Amino acid sequence: MSRRAKIADEVTGDLNPPPRLLMGPGPVNADPQVLRAMSMPLLGQFDPAFTAYMNEVMALYRRVFQTRNHWALLVNGTARAGIEAVLASLIAPGDRVLVPRFGRFGHLLCEIALRCRAEVETIDTEWGTVFEPEQVEAAIRAFDPKLVALVHGDTSTTMAQPLDEIGAVCRRHGALLYVDATATIGGMDLPVDAWSLDAVSVGLQKCLSGPPGSAPVTFNDRVAEVVNARKHIEQGIAPAGEVPAAGPIIQSNYLDLAMLMDYWSEARLNHHTESTSMLYAARECARLLLNEGLENAFARHRRASRAMTTGLEAMGLGLFGDQRHKMANVTGVVIPEGVEGEAVRRCMLEDFGIEIGTSFGPLRGRIWRIGTMGYACRKQNVLMCLAALEASLRQQGFGASPGAGVDAALAVYRAAN
Ligand SMILES: Cc1ncc(COP(=O)(O)O)c(C=O)c1O
């Protein structure tokens with residue numbers, strides 16, 4: 001063994017993560033085909049073979065987003081990078097932004113908009129509920145925002161905001177609508193054009209069955225026009241004679257959608273080095289989803305949600321939030337009186353190798369969050385999770401009728417066949 005290897009071995013062993021079934025609010029287990037795609041050889045970023053992959057990624061994500069938008073590209077970074085790219089590129093200092101908040105990620109949108117020096121107005125609804133379109137419209141009337149920023153499925157509360165009417169409301173009042181659909185893409189329907197969503201960003205690590213680290217984004221020409229009105233190409237790569245746009249420069253260089261559009265167009269104007277392996281991952285995630293079929297994937301998530309909720313109730317557990325608006329891929333479970341939530345999670349992880357989620361903010365210590373997403377969203381995982389939860393609860397003195405959860409969930413799957 002070489003001296004160098006010995007030195008490394010003094011501080012680390014082989015990388016050998018323990019096997020886990022990830023049934024929290026994300027990340028979830030990646031599809032092995034995605035991991036395989038990530039191990040493919042690297043290419044130079046202007047290699048025609050690689051730029052062809054970039055074009056394929058655009059074509060694939062137009063389908064994932066159900067849009068005719070030209071712009072469907074990847075922002076390097078986790079889902080938050082996609083959010084920040086859209087908001088930083090759209091919001092100029094002093095712009096009015098409305099953020100309806102129904103969970104933690106609404107607060108995140110608000111925080112990012114404030115960092116972009118927007119004038120931010122918020123409306124809030126109790127965690128576990130969502131907004132009626134009329135509430136959003138009234139706030140738009142009162143505040144006259146340039147942009148409305150909204151989360152689709154907020155994993156912190158497990159609620160999904162219905163969006164089908166809100167796009168039309170925004171159009172009526174001349175506001176742009178941005179949606180963070182990180183937690184729902186691939187698990188719940190999100191027809192970007194039919195719902196008049198102007199810009200949407202997502203991540204790979206939930207229902208797309210990939211690792212965190214790439215943020216697919218789509219936006220329409222209305223958004224591109226606003227962004228390009230602020231386009232200042234970096235000195236050193238700007239073509240001779242390039243005149244910067246009149247609008248205020250976008251504060252972030254890395255997350256500047258105007259420059260990203262140039263990089264993702266035939267101009268291929270150099271910006272960052274595209275994250276090769278993450279692009280392979282994003283491409284495979286989209287391929288797997290589209291080959292399954294969007295409707296089939298949504299139905300798989302709905303079925304797992306029904307099985308999980310039926311099983312949990314059969315165990316005598318309560319579900320959190322307005323169930324009419326529950327996300328199809330995450331379930332909030334009320335921690336029973338007298339049960340120490342973290343001890344149950346520890347038992348599930350250490351004794352069964354299953355991760356479920358804790359919660360934060362006003363729900364800290366009150367609910368667990370169980371994800372049934374992407375590659376992990378399948379019958380055997382739902383059944384194993386319920387069985388492990390039952391046993392872990394018993395360790396804590398909460399006696400569910402043995403087998404009731406698994407039997408009830410199995411009955412849902414049998415009835416669906
Ligand atoms: C709705 C929503 N938005 C944004 C994020 C942030 O994603 P990331 O941690 O990949 O930046 C998450 C992550 O859980 C999320 O659920």
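Here the structure is a predicted model, which means the values were calculated and not measured. In listed order, ligands and their atoms are each counted from 1. This chain uses plain numbering: 1 for the first residue, then up along the sequence.
The residues Glu355 and Arg20 are annotated as not salt-bridged, no charged nitrogen and carboxylate oxygen being separated by less than 4.0 angstrom. Salt bridge annotation for Arg283-Glu56: present, with a cationic side-chain nitrogen under 4.0 angstrom from a carboxylate oxygen.
Heavy atoms from both the backbone and the side chain of Thr78 come within less than 4.0 Å of ligand 1. Residue contacts with ligand 1 for Ala79 involve both N, CA, C or O and side-chain atoms from C-beta outward (heavy atoms, distance under 4.0 Å). Only the side chain of Gln205 comes within 4.0 Å of ligand 1, judged by heavy-atom distances.
Gly153 counts as a contact of ligand 1, since one of its heavy atoms falls under 4.0 Å from the ligand.
More than 12 heavy atoms of other residues, nucleotides or ligands sit less than 6.0 Å from atom CZ of Phe143. Within 6.0 Å of CD in Glu126 there are 12 or fewer heavy atoms belonging to other residues, nucleotides or ligands.
Among all protein heavy atoms, the one lying closest to atom 16 (O) of ligand 1 is Thr155 OG1, 2.7 Å. Among all protein heavy atoms, the one lying closest to atom 5 (C) of ligand 1 is Phe105 CE2, 3.4 Å. The single protein non-hydrogen atom nearest to atom 14 (O) of ligand 1 is Lys206 NZ, 2.7 Å, given as residue, atom name and distance.
Cation-pi check for Arg62 over Phe65 is not met; the charged atom does not lie both under 6.0 angstrom from the ring centroid and within 45 degrees of its normal.
A donor-acceptor contact shorter than 3.5 Å is absent between the side chain of Asn69 and the backbone of Ala72.
For ligand 1, the atoms closer than 4.0 angstrom to any heavy atom of Asp180 are 1 (C), 2 (C), 3 (N), 4 (C).
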